[in-house]
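Quick note: residue numbers are just sequence positions, from 1.
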Amino acid sequence: MSAAPDIRLRSARPALDARPLEKRVGLIILATDHTSEPDFHRMVASDRIGVYVARIPYANPTTPENLRKMQPSLTAGAALILPDEPLGAICYSCTSASVVIGDAEIEAAVKAAKPGAPVVTPPMAGVRGLKALGARTISILTPYTVETSRPMAAYFAAHGFEIASFTCLGFEDDREMARIAPKSLVDLAREATAPQADALFVSCTALRSALAVVGMEEAIGRPVVTSNQATAWNCLRLCGDDEPRPEFGRLMTLPLIAEP
């Protein structure tokens, strides 16, 4: 057995960069979420922007009651993302829960842990994206039940959109929603889009709809905004990244419009 080596402590420490990456985006996702994390690594993460994830408790089925139960976990979830370090944006990645709980309540819960970070929710980003595209009349497609879809319809109507049609698929488990093939979403988009709609909003962060945006837009001949695509776009723009990414749809080529 050889003798233990001498361990030398170097007298001078190497110089440190200001931070490992220039910008950081926080992502709060459901314990059951299969889709948001890979979507954000695909659309947001780069050599300049890092994506840092926290998961919070959630149990199916996807009902308004179960969605509301996540609200008390939001502050603790946000606090676990790079404690005491600033973020360029932080996203709570659940469309239906954001509608049920409310954007203002979610923002307050997240800012209790991250007071300096802009907060993004999928419906909030969806509204911003649809307005950036100039849409006024929209069709909506969700994987939810009718019960869970009703608050979604009310949310977009309250933000000034005329809803030409609303289609839901009746799923209760977000893990099954994640298993809907992107190519199936193209056909569903074609069926769900009313002739008079300016754009289609596809709700749900569990759906792999960001992978199907270009196909959906080609199928309906109009812009498509999806939950993860919209939040990725919103977070990128908040981090000062304005690079067009047409492979993720028309929205990803546009700037974020300053709100009054």
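Qualifying salt bridge (Lys or Arg N to Asp or Glu O under 4.0 Å) partners for Arg55, counting only residues two or more places apart in sequence or in other chains: Glu37. Looking at residues two or more places apart in sequence or on another chain, you find a side-chain contact (heavy atoms from CB on, under 4.5 Å) between Glu218 and Val214. For Thr253, the side-chain contact (heavy atoms from CB on, under 4.5 Å) partners at least two apart in sequence or on another chain are Pro244, Pro246. Looking at residues two or more places apart in sequence or on another chain, you find a salt bridge (Lys or Arg N to Asp or Glu O under 4.0 Å) between Glu243 and Arg245.
Within the structure, every pair that satisfies the side chain to side chain donor-acceptor pair (under 3.5 Å) test and touches residues 148-162, not counting sequence neighbours, is listed here: Asp103-Tyr155, Thr142-Ser149, Thr145-Thr148. Among residue pairs with one or both ends in residues 192-225, those qualifying as ring pair (Phe, Tyr, Trp, His ring centres under 6.0 Å) are Phe156-Phe201; sequence neighbours excluded.
In this structure, Leu67 is a member of the same hydrophobic cluster as Val119, with clusters built from ILVMFWY side-chain heavy atoms closer than 4.5 Å. Hydrophobic clustering (side-chain heavy atoms under 4.5 Å, transitive across Ile, Leu, Val, Met, Phe, Trp, Tyr) keeps Val25 apart from Leu74. In the hydrophobic clustering of this structure, Ile29 does not group with Leu87; members are Ile, Leu, Val, Met, Phe, Trp, Tyr whose side-chain heavy atoms approach within less than 4.5 Å, directly or through other members. Val120 and Ile90 are assigned to two separate hydrophobic clusters, defined by single-linkage of ILVMFWY side chains at heavy-atom distances under 4.5 Å. Note: the hydrophobic cluster containing Val100 does not contain Phe171 (ILVMFWY, side chain heavy atoms under 4.5 Å, direct or indirect links).
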As a quick check of understanding, evaluate side chain to side chain contact (heavy atoms under 4.5 Å, CB included) for Leu211 and Arg42, giving each step before the final call. CA-CA 10 Å; Leu211 297 173; Arg42 185 183 298 113; 3.7 Å; yes
Check the pair Leu21 / Ile49 against side chain to side chain contact (heavy atoms under 4.5 Å, CB included), numbers first and verdict last. CA-CA 6 Å; Leu21 290 170; Ile49 301 175; over 6 Å; no
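Under 3.5 Å, the side chains of Ser139 and Ser165 contain a donor-acceptor pair of N or O atoms. Side-chain contact check for Tyr58 and Ser73: no donor-acceptor pair (N or O, by modelled atom type) lies under 3.5 Å. In summary, the side chains of Thr32 and Asp174 do present a donor paired with an acceptor at a separation below 3.5 Å, with no hydrogens or angles considered. For the 3.5 Å distance criterion, the side chains of Asn234 and Thr231 fail to qualify, holding no donor opposite an acceptor. For the residue pair Asn60 and Thr62, a side-chain donor N or O sits within less than 3.5 Å of a side-chain acceptor on the partner.
Within 6.0 Å of the CZ atom in Arg19, the count of heavy atoms belonging to other residues, nucleotides or ligands exceeds 12. A 6.0 Å sphere centred on CZ of Arg179 holds no more than 12 heavy atoms belonging to other residues, nucleotides or ligands.
Counting heavy atoms from C-beta on, the side chains of Leu236 and Met252 come closer than 4.5 Å.
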